[in-house]
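Notes for the one structure printed next.
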Amino acid sequence: MKRGYQDSPSSSSYGPPHSKFKHNPEGDGEFLEDETTKIFAKKVADHYSARTNQTLEEREASPIIHLKKLNNWIKSVLIQLYAKRGDAVLDLACGKGGDLIKWDKARIGYYVGIDIADGSIEDCRTRYNGDADHHQRRKKFSFPARLICGDCFEVRLDKILEDDGPFDVCSCQFAMHYSWSTEARARRALSNVSALLRPGGIFIGTMPDANVIVKKLREANGLEIGNSVYWIRFDEEFQNKKFKSSSPFGIKYKFHLEDAVDCPEWIVPFHVFKALAEEYGLELVFVKNSHVFVNEYMKKPEFVELMRRLGALGDGKEDQSTLSPDEWEVAYLYLAFVLRKDNRTKPEQIADETKVRCTC
Ligand SMILES: C[S@@+](CC[C@H](N)C(=O)[O-])C[C@H]1O[C@@H](n2cnc3c(N)ncnc32)[C@H](O)[C@@H]1O
């Protein structure tokens with residue numbers, strides 16, 4: 001494992017996020033990404049790349065500021081529960097590095113962040129280097145980092161991160177559902193996680209709760225659900241609101257969340273996610289809808305204090321501001337999960353199943 005300390009994070013890219021892979025049914029290890037899949041992956045990348053960094057004032061004025069704080073609390077709780085001092089962490093779809101401080105607080109030893117959006121990786125680098133907010137220059141991060149621009153759900157990351165792994169913790173926050181456009185991508189995502197985690201390593205994440213979304217869709221009159229801060233729209237092809245269990249991938253909807261998201265996303269039926277993860281030696285520790293997660297961990301004093309500091313529910317004193325009912329409804333659309341890599345599966349056993357070739 002080469003993990004030399006870097007003042008600046010090393011960064012790289014493994015070619016355009018949408019580089020071509022050819023599928024060869026004879027199984028010689030090549031894989032062709034369907035054109036549509038590439039277009040959608042690019043749409044997602046462009047959307048996140050175009051999102052500029054907000055000033056503190058702009059952030060506080062956001063119509064979903066309390067939801068953002070709540071989501072930060074959920075991620076912090078997951079990190080505090082599962083990351084240990086000195087851990088090597090792989091952050092898939094790391095975005096602008098919004099979790100860097102959380103990892104620093106957990107005193108991790110090494111960090112690799114990968115995201116498909118080059119603009120986000122740039123912002124992440126700026127944040128890591130301490131240049132993000134000149135008013136609030138914070139001390140340097142205590143862990144070395146490597147930042148990479150690329151598609152986490154397309155190529156074999158174990159090849160690219162040969163010298164960086166194995167990892168103790170893998171995190172994929174609010175992003176796993178972008179892998180669910182095809183079975184090949186979903187498998188690639190899980191095989192990457194499995195191949196890079198050490199036996200006993202932990203995979204933590206958050207993603208939309210398909211049960212909630214589908215239930216709301218079925219209760220709605222048309223193909224759209226939403227409130228003042230979000231809407232989700234399904235295409236006509238889903239007008240009967242039935243989803244075949246034989247094709248649990250590629251169930252696309254358009255998601256709009258005020259001041260945050262506006263791009264295609266995919267339903268992830270959790271039982272399929274769990275079963276597929278098991279194929280890759282990843283066993284479910286728990287899955288909880290965000291509402292349940294909040295109710296459960298708010299029984300622990302240390303996390304109540306963390307919530308007070310983050311301010312999602314006000315600070316318990318002068319600041320009485322809290323999530324609006326509409327923000328709380330959006331929180332209900334998500335779940336948190338924890339998986340553990342079993343001690344048996346050898347990385348090479350699973351990584352070879354659907355071989356892909358990196359073209360960079
Ligand atoms: C909602 S943001 C979450 C960012 C970060 N994990 C967080 O919690 O702050 C979703 C992120 O997933 C990234 N993403 C989407 N598809 C991806 C892919 N195929 N490979 C890598 N990153 C991807 C986006 O660029 C975006 O940064």
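Counting convention: from 1, in listed order, for ligands and their atoms alike.
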Review point. Just by modelled atom types, is the R233 backbone N or O under 3.5 Å from a matching donor or acceptor in the K254 side chain?
Key: no
Point to revise | ring pair (Phe, Tyr, Trp, His ring centres under 6.0 Å) between Y334 and F174, intermediate numbers included | key: CA-CA 8 Å; Y334 289 88; F174 298 102; 5.3 Å; yes
Check your understanding: Of the choices V44, L100, D115, which has the non-hydrogen atom that lies closest to atom 25 (O) of ligand 1?
Key -> D115
Revision key, fill the gap. Nearest non-hydrogen protein atom to atom 1 (C) of ligand 1, with distance, is Y48 OH, 3.3 Å
Check your understanding: For atom 16 (N) of ligand 1, which protein heavy atom lies nearest, and how many Å away is it?
Key -> Y178 CB, 3.6 Å
Check your understanding: For atom 19 (N) of ligand 1, which protein heavy atom lies nearest, and how many Å away is it?
Key -> D151 OD1, 2.8 Å
Check your understanding: Should the proximity of R185 to ligand 1, defined as any heavy atom under 4.0 Å, be assigned to the side chain, the backbone, both, or neither?
Key -> side chain
Study note, to complete from the structure: Of all protein heavy atoms, the one nearest atom 20 (N) of ligand 1 is C152 N, 3.0 Å
Exercise for review: Determine whether the side chain, the backbone, both or neither of K75 has a heavy atom under 4.0 Å from any heavy atom of ligand 1.
Suggested key: side chain
Point to revise | Check: G95 main-chain N/O paired with S120 side-chain donor or acceptor under 3.5 Å | key: no
Check your understanding: Any idea which protein heavy atom is nearest atom 14 (N) of ligand 1, and the distance to it?
Key -> I116 CG2, 3.6 Å
Exercise for review: Specify side chain, backbone, both or neither for C94, according to which of its non-hydrogen atoms lie closer than 4.0 Å to ligand 1.
Suggested key: backbone
Study note, to complete from the structure: Quick note, salt bridge (Lys or Arg N to Asp or Glu O under 4.0 Å) partners involving residues 106-120, not counting sequence neighbours, are none
Check your understanding: Is atom NZ of K300 surrounded by more than 12 heavy atoms (other residues, nucleotides or ligands) closer than 6.0 Å?
Key -> no
Review point. Is a side-chain donor or acceptor of N289 paired with a backbone partner of Y332 at a separation under 3.5 angstrom?
Key: yes
Study note, to complete from the structure: ligand 1 atoms nearer than 4.0 angstrom to some heavy atom of G150 are 20 (N), 21 (C)
Check your understanding: In the protein, what heavy atom is nearest to atom 5 (C) of ligand 1, and what distance, to one decimal place, separates them?
Key -> A93 O, 3.4 Å
